[in-house]
Amino acid sequence: RLELILNMCVEAASEAINLNCRILGVGISTGGRVNPHTGVVLHSTKLIQEWSSVDLRTPISDTLHLPVWVDNDGNCAALAERKFGQGKGVEDFVTIITGTGIGGGIVHQHELIHGSSFCAAELGHIIVSFDGPDCSCGSHGCIEAYASGIALQREAKKLHDEDLLFVDGMSMKKDEPISAAHLIQAAKLGNTKASNILKTAGTALVDLTSTRLNS
């Protein structure tokens, strides 16, 4: 995997030079718990296999002869919001990222907060129900286990296996894998079971924003 990343970086740098662009440095946004001081991915959940104790900074910097910065993708999103988006000029704010997993970044007094163990904004792993479904982090009932893309895909597959997913008006290509998009489509077309799953996911996110972050 690292070799592929290095090859992509070399290719991108070559294209930039051909376009007469001057490269000042490289920024890397990645999933997992990252030490931004060393550029090492310390640990990742099961969402990214074999992505622990990975030094990204050293090999990329040595290959490109450029400074390299590495951080968690949620933290990078918060930095982008602070510089270019809704966080511009705001002293304190939280960015929430929803996708395959759920993460985020915390800015306090205009500074990004990493925490002593570099997981200050692992918002997706706040537990909302001790009796909830398994999470990729090894715990149970995390927000990510309810509202992430992976969680919605899991629930869509369960409905599909029970012949409860598809309703009139839905279409699917041959051999197309079941995804969260099918769950959303089913809900829009009146599938109450799909709608209830999405409502549960929404409730988990509301709990995060209205209760946990304001406490």
Side-chain angles (χ1 to χ4, degrees), residues 1 29-33 41 43-52 72-78 80-81 85-87 93-106 119-215:
R1 179 184 291 164
S29 167
T30 176
R33 185 164 59 93
V41 180
H43 174 72
S44 181
T45 67
K46 296 177 182 177
L47 291 180
I48 311 178
Q49 299 291 334
E50 299 179 2
W51 201 237
S52 298
N72 170 267
D73 50 2
N75 289 333
C76 289
E81 288 294 334
Q86 297 299 315
F93 68 90
V94 174
T95 299
I96 299 174
I97 306 299
T98 60
T100 304
I102 291 180
I106 300 172
C119 56
E122 289 293 340
L123 306 178
H125 300 293
I126 294 175
I127 295 174
V128 292
S129 173
F130 290 106
D131 297 325
D134 294 343
C135 183
S136 60
C137 70
S139 189
H140 304 275
C142 299
I143 291 172
E144 188 168 294
Y146 287 101
S148 66
I150 290 292
L152 297 180
Q153 181 186 45
R154 178 196 66 224
E155 296 302 317
K157 287 180 178 179
K158 286 182 180 179
L159 290 183
H160 179 260
D161 292 343
E162 297 171 2
D163 293 324
L164 296 173
L165 177 62
F166 289 97
V167 294
D168 290 341
M170 287 186 68
S171 60
M172 183 176 177
K173 298 179 181 177
K174 185 178 180 180
D175 299 327
E176 181 182 355
I178 299 298
S179 69
H182 294 113
L183 187 73
I184 295 170
Q185 184 182 10
K188 288 181 177 180
L189 292 172
N191 186 323
T192 56
K193 290 186 179 295
S195 294
N196 288 336
I197 291 169
L198 293 177
K199 287 178 182 177
T200 299
T203 298
L205 288 174
V206 168
D207 184 82
L208 168 63
T209 56
S210 65
T211 303
R212 309 291 172 163
L213 297 182
N214 289 326
S215 61

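All of these numbers come straight from a predicted model, not from anything done at the bench.
- Listed by chain and number, the residues in a side-chain contact (heavy atoms from CB on, under 4.5 Å) with Ser52 are His43 (sequence neighbours excluded).
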Practice problem: Please step through side chain to side chain contact (heavy atoms under 4.5 Å, CB included) for the pair Ile48 and Val41, ending with a clear verdict. | Solution: CA-CA 11 Å; Ile48 311 178; Val41 180; over 6 Å; no

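- Counting heavy atoms of neighbouring residues, nucleotides and ligands inside a 6.0 Å radius, atom CG of Asp168 does not exceed 12 of them.
- In this structure, CG in Leu208 is found 10.5 Å from OG1 in Thr98, a value given to the nearest 0.5 Å.
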Less than 3.5 Å apart, which donor and acceptor atoms pair up between the side chains of residues 176-195 and the rest of the protein, not counting sequence neighbours?
residue : atom : partner : partner atom : Å
Glu176  : OE1  : Lys173  : N            : 2.9
Glu176  : OE2  : His182  : NE2          : 3.1
Ser179  : OG   : Ala181  : N            : 3.3
Ser179  : OG   : His182  : ND1          : 3.4
His182  : ND1  : Ser179  : N            : 3.0
Asn191  : OD1  : Lys193  : N            : 3.0
Asn191  : OD1  : Ala194  : N            : 3.1
Asn191  : ND2  : Leu164  : O            : 2.9
Asn191  : ND2  : Leu165  : O            : 2.8
Ser195  : OG   : Asn191  : O            : 3.1

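- Panel note: side chain Thr209, backbone Leu205; a donor-acceptor pair is recorded below 3.5 Å.
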Exercise. Test side chain to side chain contact (heavy atoms under 4.5 Å, CB included) on His125 and Ser139 and set out the steps.
Key: CA-CA 8 Å; His125 300 293; Ser139 189; over 6 Å; no

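- Residues Met172 and Phe166 come closest through the heavy atom pair SD-CZ, 3.2 Å.
- Heavy-atom minimum distance, Asn75 versus Gly105: OD1-CA, 3.9 Å.
- Distance CZ/Phe93 to CD/Gln86: 10.0 Å, rounded to 0.5 Å.
- Among all heavy-atom pairs drawn from Gly124 and Cys142, the shortest one is O-CB, 3.4 Å.
- Contact between Glu81 and Thr95 at its shortest, heavy atoms only, is CG-OG1, 3.9 Å.
- Here the CD1 atom belonging to Ile102 is positioned 10.5 Å from the CD1 atom belonging to Ile97, to the nearest 0.5 angstrom.
- Panel note: side chain Asn72, backbone Gly31; no donor-acceptor pair is recorded below 3.5 Å.
- Between Lys158 and Asp161 there is no side-chain heavy-atom pair separated by less than 4.5 Å.
- Annotation: the span from Gln49 atom CD to Ser44 atom OG amounts to 8.5 Å, rounded to 0.5 Å.
- A donor-acceptor contact shorter than 3.5 Å is absent between the side chain of Ser148 and the backbone of Ala145.
- Of all heavy-atom pairs spanning Leu152 and Tyr146, the tightest one is CD2-O, 3.8 Å.
- Residue Ile106 holds its CD1 atom at 5.5 Å from CG of Leu123, rounded to the nearest 0.5 Å.
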